[in-house]
Engineer: 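The structure is given below, and queries will be raised subsequently.
To find a chain, count down the sequence lines: A is the first, B the second, and so on, and within it residues start at 1.
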2 protein chains.
Amino acid sequence: MNPKGYLKHIAYDSVIFGFSGEKLKILIMKYHNTGLFALPGGFVKNDEDLNDAVRRGLKERTGLDDIYLEQFYAFGSVARYKPEIMETIMKANNQALEEHSWLLDRFISVAYYALINYEDVVPTPDALSDSCDWYDVDDLPNLMLDHLDIVKKALQTLRDNLERKLVGTNLLPQLFTMKELQMVYEAILGEKLHRGTFQRKILSLGLLKRHEKQYSGAAHKAPFLYSFEQKK
Amino acid sequence: MNPKGYLKHIAYDSVIFGFSGEKLKILIMKYHNTGLFALPGGFVKNDEDLNDAVRRGLKERTGLDDIYLEQFYAFGSVARYKPEIMETIMKANNQALEEHSWLLDRFISVAYYALINYEDVVPTPDALSDSCDWYDVDDLPNLMLDHLDIVKKALQTLRDNLERKLVGTNLLPQLFTMKELQMVYEAILGEKLHRGTFQRKILSLGLLKRHEKQYSGAAHKAPFLYSFEQKK
DNA sequence: TACTTATTGTCTCAATCTGCGACAATATTA
DNA sequence: TAATATTGTCGCAGATTGAGACAATAAGTA
């Protein structure tokens, strides 16, 4: 235990994925006056479930409850212990070091990824950060510590889980077109898929409900809208 | 930090799988004079990688280096915090409570599963335990805390990874027959597989090297022996 | 030595799944 | 009314899969 009521040595980091309509993006925070970029993370209260701590942090950063969230790895190498970095951040924020000395200890970080609907999020920085913004997964700033490794592993896990967990729909609004869903898959896998094959495959799962057509005003046949149907 | 040089609040538990020739088994420890059964676990030293801590523990329990090891989940609910259980174990071992009070704190446990060759292991209990034995995965004793959940999740992860990671060979000796490999798959998946289809599938991967035949003395055609070939 | 038995390696066949191109059916603009 | 860009779907060839069948053994047995 410690004065702030947080568990020592334990942190979490979150890779928050969103889909802009074109590209896969993640939320990155920038600390005041340091030039340091980092994944949104936080600590676990003494009387709080690890999973709940992450949901709490996600709610603060995105405003969203009830997010698709998956834990994927605990990063625990000694190499990631660099107290001088945390010291830099705290000094840049005029925080009293002695009061927060537990922050300079070694941490093991449990990493989660979240899938959210890009459109209904207003990224919100925390007290130590001056921004919290979307970045393309293949055009990230220099992340501190091992946060780039964390992102890479998140992406790999997401790819591995793509079919098993029908993950794609969590990145889209309630109603979406088949083309949009395909673009999500392509962004995650990093490769083009054949249109006919993709449509056949997805429809054969029997998990989508077809709605009215979407008349976009473009000069061509209007696509159907779909929603994800949780079981039958 | 603390007197013993271990990180507070962080533990690991390991689900160590072995294959007896018939059934899938895991190593379970029993604590002195308590009737409590548990997964082999341990703590992380201040200057030690999390992964290394687990390998160190595995080496102590099995005598094996260089084990197939996979981290699969960090268990961090508050519900798993039951200091009275740890107190029971320590009292039964005449340990001084005040000296080890950090053991009564809340822990987040990072769970790993290991795959080892059943035959070349001599299970070794630690100081607090009076036994360390193999149990059938579907005939386990009553495990303390959430250790049954940990086993279930380990099995699920193992199943999910079975194809992606060619996991089966880690549970067999260097040389094995196709039938033995099939029995490993069947034990993990919990279902029978068709012989011809299995053989065709495995061979098509091109990862096995065929050796001389194994003359078992039984009255029928002798099977080939195979070994796993790491890449070409 | 010839016959029997259990098991193995492989093949075949049908059913299913996949990759890829093609075609007709739209919405809208010109 | 024609032109254009996209969409929903189909058909086909090739690959994969599930299930049974058959010949080839290694003993044991008569």
Engineer: Expressed as a whole number of angstroms, how long is the span from B:Leu193:CG to D:dA19:C1'?
Structural biologist: 13 Å

Engineer: Need to verify one output field. Residue with the more 5' nearest nucleotide on DNA chain D, A:Lys179 or B:Tyr215?
Structural biologist: A:Lys179

Engineer: Send over the distance from B:Leu203 CG to C:dG9 C1', rounded to a whole Å.
Structural biologist: 9 Å

Engineer: Tell me: CZ of A:Arg195 to P of D:dT9, nearest whole Å?
Structural biologist: 11 Å

Engineer: Please check if any side-chain donor atom of B:Ser129 sits under 3.5 Å from a side-chain acceptor atom of B:Asp126, or the reverse.
Structural biologist: yes

Engineer: Which whole-number value in Å describes the distance from B:Tyr226 OH to C:dG9 C1'?
Structural biologist: 8 Å

Engineer: Return the value, rounded to whole Å, for the distance between atom CG of A:Leu208 and atom C1' of D:dG8.
Structural biologist: 15 Å

Engineer: Where each residue is assigned the nucleotide of DNA chain D containing its nearest heavy atom, which of B:Ala219 and A:Lys213 is assigned the position nearer the 5′ end?
Structural biologist: A:Lys213

Engineer: Without decimals, in angstroms, what is the distance between A:Lys192 NZ and C:dG19 P?
Structural biologist: 16 Å

Engineer: How many Å lie between CD on B:Gln199 and P on C:dT10, as a whole number?
Structural biologist: 6 Å

Engineer: Of the nucleotides C:dA6, D:dA5, D:dA19, which one has an atom closest to the side chain of B:His194?
Structural biologist: D:dA19

Engineer: With salt bridge (charged side-chain N to carboxylate O under 4.0 Å, His left out) as the test, pick out the partner of A:Glu70 among A:Lys165, A:Arg164, A:Lys153.
Structural biologist: A:Lys165

Engineer: Starting from the 5' end of DNA chain C, give me the residue, B:Met178 or B:Arg200, whose nearest nucleotide shows up first.
Structural biologist: B:Met178

Engineer: Between D:dA27 and B:Lys221, is there an OP1 or OP2 to side-chain N/O distance shorter than 4.0 Å?
Structural biologist: no

Engineer: Please tell me whether A:Phe17 and A:Phe19 form a close aromatic pair, meaning their ring centres lie under 6.0 Å apart.
Structural biologist: no

Engineer: Can you establish whether the number of heavy atoms outside A:Glu186 located under 6.0 Å from its atom CD is more than 12?
Structural biologist: yes

Engineer: Rounded to whole angstroms, how far apart are NZ on B:Lys201 and P on D:dT16?
Structural biologist: 8 Å

